[in-house]
Amino acid sequence: MRFLNYGRAIALPFAILFFSACSSSPPPPEINLLENIDFELHKIDAVKYAPGEYNKFKVNLRVLKDKIIQEESKFSIFRNYEPIQKNIGDIIGDGKRLLITINEDKSKRKEKISDKIKRLEDKARIINELTLKVNVGASTRKLLTKGGIAISEAKASINSNRYDSAMEKVENAAALLNEAEKLVTPTLRRYSQNDTINKWRNFVRETIDESKRKKMAAIVVDKAERTLTLYKNGKILQTFNIGFGRYGYRDKLFSGDDATPEGKYKIIKKSGRGESKYYKALLLDYPNQEDKKEFLKAKKGGLISKNVRIGGLIEIHGGGEDSTTNGCIALENNHMDELFDKVAIGTPVTIVGATSIENELYFGLKGLKGDS
Amino acid sequence: MSKVARLFLGCLLIAVVFVAGCAKPPTEDIDAANSAVESAKSAGAEKYLSDDAKKVSDELSAAMDEVKVQDGKFPLFRKYDKAKELLASVKGSAEKLKTDTAAKKEEAKRNAIASMEEANGAIANAKAMLEKAPKGKESKSDIEAMTGDVKGLEDSLPDVQKSIDGEDYDGAVSKAKSIKEKADAVSSQVQQAIEKVEAAKKAKGKKKSKK
């Protein structure tokens, strides 16, 4: 009997220990919330956007899990999750704060990249308009197209929350558009220089004065405005829209450059209907002395090939204002009719880039500067 | 029950507990699960199925924690059955992940190649349209500009192949789509110019017939 009592006394604690070892006392349920936070942090690329803080969170989570493991390894009656509870609360707080911080950072980053993309799109639009206007050649269009592709890629990257990739594409687009800009701006620069504009204004003023003084007709061609204005006795008679050289915004320097000359000329021949390929034509005395001087200077300076000639046969002719000429000035045929009868051989024709600093090309250049 | 019988039963119980308590960590299962997870990662799971890869990785971590729990127990009370179950589940998930990753990767590659072909076709179409574009002094600069555009598109096409070769299929699709969009815009512009010229011709023809 005594033996049985001893047996029970020994067996009871063993039985309790055995059942407590077998029974499972679950870890705090908040651990699931922590797991969810960790998954959310993974989804928002915490390892990329806040590597230090995320690593700290992961280390704390690991330490916490190790503590839980320690408790779980104990007999259930000895398990105590209370000290861990506070830890869990702290780590949940850290994780939630990290989620907010990263989301805010990402949002700011997205905004910043989107802003850059918008500015690049504006720049591409301006360059596109200018290249069509100024016609700087295929290489600029090629750069512009590649820049446009990079912008589209940046937008696609930002839409799929790949900000690093978006930023890379933005930088690529910026470099390509800057190259394109460099090819466009030399032609535009003259249209934003006060000295050049003043020289052109003087040409126009002298032409109008001559028309007034000699009581005769005079023509002023404004490239920036794409207009031809007919003066009579110093007063505006009519203004027509025009088309000009493929590289018309440039000053003509040599034969075949497809540029429209700038300077003071006179009509030296009138070709009526049937005498011109382009309806009717008014031949100018291009090149004048100044053109010849500039041509020789450019040749001497090696700016143009030694084999090129200065060119000529610059006319005001019909064919339509939409025309792109090899350097001539084109009007609609009915406008040519009106002009033709009001001018004579010897009528002064002054061709200038612009008469005001506030011209379209200046604004284009200004727009580009504003974007860069 | 006799004293001898009780003693025998006590010894038997101790022996059973010892045998059961000597449960060994499931090393082979751990290795198999680890190897399956690594294999899925090597197949690109983290890139193509990032969330699923994280889930499998977390599953593995949970299974290993269960092993640690048992390791920490008094040897007599260690039981690795649950850990084994978890590890088997991890292995299964990782193997599925590997298969899914391969399928996803193949799908992404197919999409990228299809997008590149579409872009190539759009460029060829734009070039053909430019050949048909109304030629004249008036359209020379426009054609020149669009030719430059198409050249830019052609120059960009090898970058799509480069992205495909580098397994950046998303990047390849994005570039190819952009190229196609711009090539289609050129074709559409030329088409409009053709229609404009044809309309002008028709109008001219009507005027003449009226005279």
Scanning both residues in full, the closest heavy-atom pair of B:Ser61 with A:Arg62 reads OG-NH1, 3.7 Å

Measure A:Asp66 against the heavy atoms of chain B and call it side chain, backbone, both or neither at under 4.5 Å. side chain

Heavy-atom count check: over 12 atoms from other residues, nucleotides or ligands less than 6.0 Å from A:Lys106 NZ? yes

Positive for side-chain contact (heavy atoms from CB on, under 4.5 Å) with A:Ile69, one of B:Lys68, B:Gln70, B:Met64: B:Lys68

Would you find more than 12 non-hydrogen atoms of other residues, nucleotides or ligands less than 6.0 Å from B:Lys105 atom NZ? yes

Rounding to 0.5 Å, atoms CG (B:Asp170) and OG (A:Ser165) come to a distance of 9.0 Å

Please check if atom CG in A:Leu132 has more than 12 non-hydrogen atoms from other residues, nucleotides or ligands closer than 6.0 Å. yes

Counting a contact as any heavy-atom pair under 4.5 Å apart, which residues of residues 147-163 of chain B contact chain A? B:Gly148, B:Asp149, B:Lys151, B:Gly152, B:Leu153, B:Asp155, B:Ser156

NZ/A:Lys169 to OG/B:Ser174 distance, rounded to the nearest 0.5 angstrom? 7.0 Å

Name the region of A:Leu144, side chain, backbone, both or neither, that has any atom closer than 4.5 Å to a heavy atom of chain B. neither

Of the listed A:Lys146, A:His42, A:Glu35, the one with the largest count of heavy-atom pairs under 4.5 Å with chain B is A:His42

Could you give the distance from OG1 (A:Thr145) to CE (B:Met146), rounded to the nearest 0.5 Å? 11.5 Å

Counting heavy-atom pairs under 4.5 Å to chain A, which of B:Asp71, B:Asp65, B:Asp58, B:Ile179 comes out on top? B:Asp65

Looking at the rings of B:Phe77 and A:Phe75, which for Trp means the six-membered one, are their centres under 6.0 Å apart? yes

More than 12 non-hydrogen atoms from neighbouring residues, nucleotides or ligands closer than 6.0 Å to NZ on B:Lys54, yes or no? yes

Evaluate whether atom NZ of B:Lys47 has more than 12 neighbouring non-hydrogen atoms of other residues, nucleotides or ligands under 6.0 angstrom away. yes

Contact summary for B:Gly171 and A:Glu153, nearest pair of heavy atoms: O-OE2, 4.1 Å

Answer with side chain, backbone, both or neither: which region of B:Lys182 has an atom nearer than 4.5 Å to a non-hydrogen atom of chain A? side chain

